[in-house]
Amino acid sequence: MTSWIGDYLSRAAVTVLVYQQTRSVLLSAISFALGYLPWILAGPLLASLGDRYPHRRVMVIADVYRMTLTALLLIPGLPPALILLVVLLNSLGSPPAQAARSAMLPLVVGRERLTLAIAIQSTSTQAAMVTGYLIGATVAVGVNPRLAIGLDVCTYAISALLIATQVRARPAAVALAQRRHLLQETAEGFRVVFGNPVLRSIAIVVFAVVAFFIVPESLAASWAAQAVPNGSRGLDQGMIMAAGPFGFVVGGLLFSRLVPADRRRRMTPLLAVITPLVLTPVLLSPPPFAVALLVTVSGLAQGALQPTLNAAFVLVLPPTHRARAFGVMNSGMQASQFAAVLITGSLADTFRIPLVVGLWSAAGTLAMGAVAVFWPNQARFSAAEQDASAETPPPATAPPFAAPPVTAPPKQAEPPVTPAEHAEPAA
């Protein structure tokens, strides 16, 4: 969890640093979006390193790698282009680290406690987002962005030390003789996810929801600066960035405890529509506190939606393809969020941010309404689950896709939240 807090702390700080140097909403949004590129370009391939080498070694090396690159951002006077390059290279360490962490979780907690461990991990990830965004934005604006980045360097060092000293060494999950061509395995994962109508429907909803949910986070630095030029911009940015993850945690906990599983599944189309719908009032240019409140409500809906989709996905997915499908889902989520951030960031360079976010959310509401009309009925879900259960189950694994982050996001990376995207016991 220490490195997660550092990730989100750094993300908030870098968006402030880039915006301060360039006064460009687009470049600030790009600095936020670069963390998604490794999953988009080579997520399944990079994640495979988490199985090919001992999990502890992969996590320690990834933390040291990210610590070193993050420390480069402390150098004064770095041009924005170099800052963006460092952020991109730094993010290459996330897929293997997250994959190794998720792969090791069943080994640490066992099959009986795996579901509970996943729930704790998902909640922890969102809590890390809230903490990292609030601290990162407040320190970056109120003091200096490089102070927040320095804190991120410390979190990576602490994480590497804890893993190296407190986590037991285990052999690699995949022996050399068992490996196949990664491209062939990846192609099979795409075929399974998009060739099955039920899995395809779930994937479309997940990709669309995270695309509309991530936008307030990515534009928060510029939004706060424009809304209150002489006010408490750091706190306002932190509130907007943390509101979604906070709502996600609360919504997931309340919904899973108070609403029966069958009713949760029937409510899936409604929740998918509500997630972007509640953000449309930002068209009226409300103050940052009201924006954060709207984003929180959207987070509540996504927190209720995402675990239900994740459970349905796992039940319908053939057990022999879970790892590959996981890579497909996470790469798709990252690509969806990356595209959303770039599109809205480009528009926000020309138009007011409330107008961009409000219209983007309205479009999302229409899209989710169309998806809801064609959502598979219970009979199709039941038939797909029966087909999947007929296959021999594999050893326990984490669910196939994480939360957004967007952030959020989801792996053999962090199990979802999903958005999903979530403490791990030391062993």
Side-chain angles (χ1 to χ4, degrees), residues 15 25 29 32-33 126 129-130 133 205-224 226-228 236-252 255 267-306 309 333 336-348 351-372 403-410 417-421:
T15 61
V25 179
F32 182 92
Q126 298 303 309
M129 291 178 69
V130 173
Y133 281 157
V205 171
V206 170
F207 297 160
V209 166
V210 298
F212 297 106
F213 184 70
I214 195 64
V215 170
E217 286 182 33
S218 66
L219 298 178
S222 308
W223 202 341
Q226 294 178 10
V228 191
D236 292 339
Q237 178 190 346
M239 284 195 307
I240 295 173
M241 296 188 80
F246 174 77
F248 192 106
V249 172
V250 175
F255 206 73
M267 292 178 65
T268 294
L270 175 61
L271 292 169
V273 173
I274 290 175
T275 299
L277 175 63
V278 297
L279 294 175
T280 55
V282 301
L283 280 167
L284 302 176
S285 299
F289 177 80
V291 172
L293 183 61
L294 292 172
V295 175
T296 299
V297 177
S298 179
L300 287 169
Q302 196 193 18
L305 171 69
Q306 204 73 16
L309 289 175
M333 289 173 64
S336 178
Q337 293 179 91
F338 181 78
V341 170
L342 286 187
I343 293 171
T344 55
S346 299
L347 294 173
F351 305 99
R352 294 184 306 110
I353 292 178
L355 178 64
V356 172
V357 178
L359 292 179
W360 181 258
S361 302
T365 303
L366 295 176
M368 289 296 92
V371 170
V406 134
T407 223
V417 15
T418 98
E421 227 74 158

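Just so it is clear, the values below take in all heavy atoms, side chains as well, and ignore hydrogens, waters and symmetry mates. From a predicted model like this one, the values you see are computed outputs, not experimental measurements.
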S.K.: To check you understand the geometry: which heavy-atom pair defines the closest contact between A272 and L305, and what is its length?
M.R.: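 The answer is CA-CD2, 4.0 Å.
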S.K.: What are the two closest heavy atoms between A243 and A292, and how far apart are they?
M.R.: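 Reported closest heavy-atom pair: CB-O, 3.2 Å.
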S.K.: Ignoring hydrogens, what is the shortest heavy-atom contact between P286 and A290? Give both atom names and the distance.
M.R.: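 Closest approach of P286 to A290, heavy atoms only: CB-CB, 3.6 Å.
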S.K.: Measure the spacing between CE of M368 and CG of L270 and express it to the nearest 0.5 Å.
M.R.: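 Going from the CE atom of M368 to the CG atom of L270 covers 13.0 Å.
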S.K.: Identify the heavy atoms of T280 and G358 that sit nearest to each other, and give their distance.
M.R.: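 Between these two residues, the closest heavy atoms are CG2-O, 4.0 Å.
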S.K.: Calculate, to the nearest 0.5 Å, the distance between atoms OG1 and CZ belonging to T296 and F248 respectively.
M.R.: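 That separation rounds to 13.5 Å.
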S.K.: Give, for atom CG of L219 and atom CD1 of I214, the distance between the pair rounded to the nearest 0.5 Å.
M.R.: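 Result: 10.0 Å between the selected atoms.
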S.K.: CZ of F212 to CG of L277: how many Å apart, nearest 0.5 Å?
M.R.: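 Reported to 0.5 Å precision, the distance equals 12.0 Å.
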S.K.: Please assess V215 against V341 for the test side chain to side chain contact (heavy atoms under 4.5 Å, CB included), listing each intermediate value before the final yes or no.
M.R.: CA-CA 6 Å; V215 170; V341 170; 5.8 Å; no
S.K.: Rounded to the nearest 0.5 Å, what separation is found between the OG atom of S298 and the CG atom of L271?
M.R.: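 S298 atom OG to L271 atom CG measures 11.0 Å (nearest 0.5 Å).
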S.K.: Is there side-chain contact between V206 and Q306, with heavy atoms separated by less than 4.5 Å?
M.R.: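 Yes, their side chains come closer than 4.5 Å.
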S.K.: Where is the tightest heavy-atom contact between V295 and P216, given as atom of each residue plus distance?
M.R.: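 The pair with the smallest heavy-atom distance is CG2-CB, 3.8 Å.
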S.K.: About how many Å separate OG1 of T365 and CH2 of W360, when rounded to the nearest 0.5 Å?
M.R.: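 Output value for this atom pair is 12.0 Å.
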